[in-house]
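Quick notes on the structure that follows.
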Amino acid sequence: MFSAVFGSVEQGIIYAIMALGVYLSFRVLDFPDLTVDGSFVSGAAVAATMIVFGYHPAVATAAALIVGFMAGCITGLLHTKGKINPLLSGILMMIALYSINLRIMGFTSENSIGRPNIPLLNAETIFSKFHAFWGSLGIDPIINQFFSMLGVQFLPSTWGTVFLMLIITLIIKFAADWFLQTEIGLAIRATGDNKRMIRSFSANTDTLVILGLGISNALVAFSGALIAQYAKFSDIGMGIGMIIIGLASVIIGEAIFGTKNIVRTTIAVIAGAIIYRIVLGLALRIDLLDTGDMKLITAFIVILALILPQILEKNREKRRKAKRHAERLAAIALAGQEEGTSVAKARTD
């Protein structure tokens with residue numbers, strides 16, 4: 001059980017970066033961006049291809065960030081300058097990226113133009129390089145000894161991946177918090193809330209939408225690059241349903257932790273991604289389910305995340321109404337008692 005939960009937490013922290021990107025487009029910009037399914041694979045494809053060609057994994061991951069930004073900007077251009085529906089703009093870019101990703105991975109093959117996958121089994125990744133440094137610190141035996149004393153079995157071989165991803169994800173989280181409170185960030189948030197209002201202040205909403213979608217898909221592609229290095233492969237189908245996973249993370253986080261401010265919301269999105277992976281990992285341990293049911297489980301989790309908050313809010317509203325009704329009845333009863341006392345006193349006098 002612990003090993004399954006630990007693996008889900010590792011993946012959840014990596015997917016949290018993608019969920020932050022989806023949050024920027026879906027919540028902040030109010031833009032249903034389906035480019036995510038393609039830009040996630042683009043990040044993985046670029047990183048894997050560059051690693052195979054001998055580039056440093058950090059350079060390959062940074063390149064994935066740039067490619068994702070470009071993909072998001074093109075989606076924004078299709079919508080703002082081409083006047084194409086937001087949903088259709090994302091779909092068109094997602095379809096185009098399928099062929100582009102095949103071409104990118106095809107650079108590693110001499111026999112074909114396109115290639116559906118790239119293995120990284122024996123390649124140096126950002127994780128393997130960090131593990132070499134992490135192992136020299138001697139922290140893993142200390143942590144494993146502590147959990148062994150608590151009776152935990154099947155401990156992980158290294159905790160380096162979790163610590164590395166926590167550092168990277170928190171840096172991105174704090175950077176997103178800072179950016180969304182800058183003048184440009186506030187303008188992007190205002191564009192998502194009310195384009196007509198922000199235009200009245202002479203702001204260029206087209207530029208803000210393009211920039212916001214670029215940053216969103218840059219984070220998605222960055223997450224895809226990390227997932228490819230974590231899983232040791234890049235595949236053309238690894239982005240299918242990624243927008244649903246991102247939305248599930250956002251919705252679950254918001255439902256559990258709330259959205260009072262940006263700092264709290266970004267924490268909620270990260271926590272939602274981790275919770276989603278844990279629930280998915282535990283669900284797959286049920287004998288009746290296997291890995292082929294993952295998309296079905298994902299859909300079920302999203303449905304619950306959408307329906308449960310509405311049911312809970314209705315129940316809270318009913319309790320509030322019942323409380324207000326009881327207070328009114330008590331006030332009426334008290335007023336009646338006071339009136340009766342006054343009448344009785346007047347008669348006595």
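Every heavy atom of this structure was used, including side-chain atoms; hydrogens, water molecules and symmetry mates were not.
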- Message: I'd like to know if Arg324 pairs up with Glu327 as an ion pair, taking the criterion as any Lys NZ or Arg NE/NH1/NH2 lying under 4.0 Å from an Asp or Glu carboxylate oxygen.
- Response: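 The answer is no: the pair does not qualify as a salt bridge.
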
Can any side-chain N or O of [X] pair as donor or acceptor with the backbone N or O of [Y] at less than 3.5 Å?
X      : Y      : result
Ser136 : Phe133 : yes
Ser216 : Gly212 : no
Ser42  : Gly38  : yes
Thr182 : Phe179 : yes
Arg189 : Leu180 : yes
Ser223 : Ile14  : yes

Quick check on the hydrophobic clustering: are [X] and [Y] connected, directly or via other members, by side-chain heavy-atom contacts under 4.5 Å?
X      : Y      : answer
Phe40  : Ile91  : yes
Val36  : Leu78  : no
Phe26  : Ile243 : yes
Trp178 : Tyr23  : yes
Leu170 : Ile267 : no

- Describe, in one word, how the ring planes of Phe127 and Tyr230 are oriented to each other, choosing from parallel (under 30°), tilted (30 to 60°) and perpendicular (over 60°).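 Taking Tyr230 first and then Phe127, their aromatic rings stand perpendicular (interplane angle over 60°).
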
If you round to the nearest 0.5 Å, how far is [atom2] of [Y] from [atom1] of [X]?
X      : Y      : atom1 : atom2 : answer
Ile188 : Asp193 : CD1   : CG    : 12.5 Å
Ser25  : Asp30  : OG    : CG    : 10.0 Å
Ile274 : Ile252 : CD1   : CD1   : 12.0 Å
Ile275 : Leu280 : CD1   : CG    : 13.5 Å
Arg320 : Asn315 : CZ    : CG    : 10.5 Å
Tyr15  : Thr169 : OH    : OG1   : 13.0 Å

More than 12 foreign heavy atoms under 6.0 Å from [atom1] of [X]: is that the case here?
X      : atom1 : result
Arg196 : CZ    : no
Lys81  : NZ    : yes
Ile113 : CD1   : no
Asn122 : CG    : no
Ile256 : CD1   : yes
Met70  : CE    : no

Where do [X] and [Y] come nearest, in terms of heavy atoms and distance?
X      : Y      : value
Ala63  : Met50  : CB-SD, 3.3 Å
Asp235 : Phe233 : CB-CE1, 3.7 Å
Phe130 : Gly160 : CE2-O, 3.2 Å
Ala221 : Gly68  : CB-CA, 3.5 Å
Pro32  : Leu87  : O-CD1, 3.9 Å
Ser234 : Met105 : OG-SD, 3.4 Å

Is any side-chain heavy atom of [X] closer than 4.5 Å to a side-chain heavy atom of [Y]?
X      : Y      : value
Val52  : Leu120 : yes
Tyr55  : Thr49  : no
Val269 : Arg27  : no
Thr75  : Phe31  : yes
Ile245 : Met242 : yes
Leu226 : Ile126 : yes
Thr61  : Leu65  : no
Ile139 : Trp159 : no

- Query: Taking it one step at a time, do Met165 and Ile17 satisfy side-chain contact (heavy atoms from CB on, under 4.5 Å)?
  - Reply: CA-CA 10 Å; Met165 286 314 308; Ile17 299 173; 3.8 Å; yes

- Are Asn217 and Ser39 close enough that a side-chain donor and a side-chain acceptor fall under 3.5 Å?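 On atom types as modelled, these side chains qualify, holding a pair under 3.5 Å.
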
- Task: Examine the side chains of Asp177 and Thr266 and answer whether a donor and an acceptor come within less than 3.5 Å of each other.
- Result: yes

- Item | side-chain contact (heavy atoms from CB on, under 4.5 Å) between Phe107 and Phe53, intermediate numbers included | CA-CA 9 Å; Phe107 287 134; Phe53 280 128; 4.0 Å; yes

- Might you work through the side-chain contact (heavy atoms from CB on, under 4.5 Å) test for Thr161 and His131, ending with a clear yes or no? CA-CA 8 Å; Thr161 302; His131 290 165; 2.8 Å; yes

- Note on the structure: Only residue of Leu34, Ile74, Thr35, Ile84 satisfying side-chain contact (heavy atoms from CB on, under 4.5 Å) with Ser89 is Ile84

- Message: Determine whether Lys314 and Glu317 satisfy the following criterion, salt bridge (Lys or Arg N to Asp or Glu O under 4.0 Å), listing intermediate values before the conclusion.
- Response: CA-CA 5 Å; Lys314 284 182 179 179; Glu317 184 61 28; over 6 Å; no

- Message: Using the rule given for side-chain contact (heavy atoms from CB on, under 4.5 Å), can you reason through Val209 versus Lys195, listing the C-alpha separation, both sets of side-chain angles and the distance that settles it, and then say yes or no?
- Response: CA-CA 10 Å; Val209 169; Lys195 281 187 180 182; 4.0 Å; yes

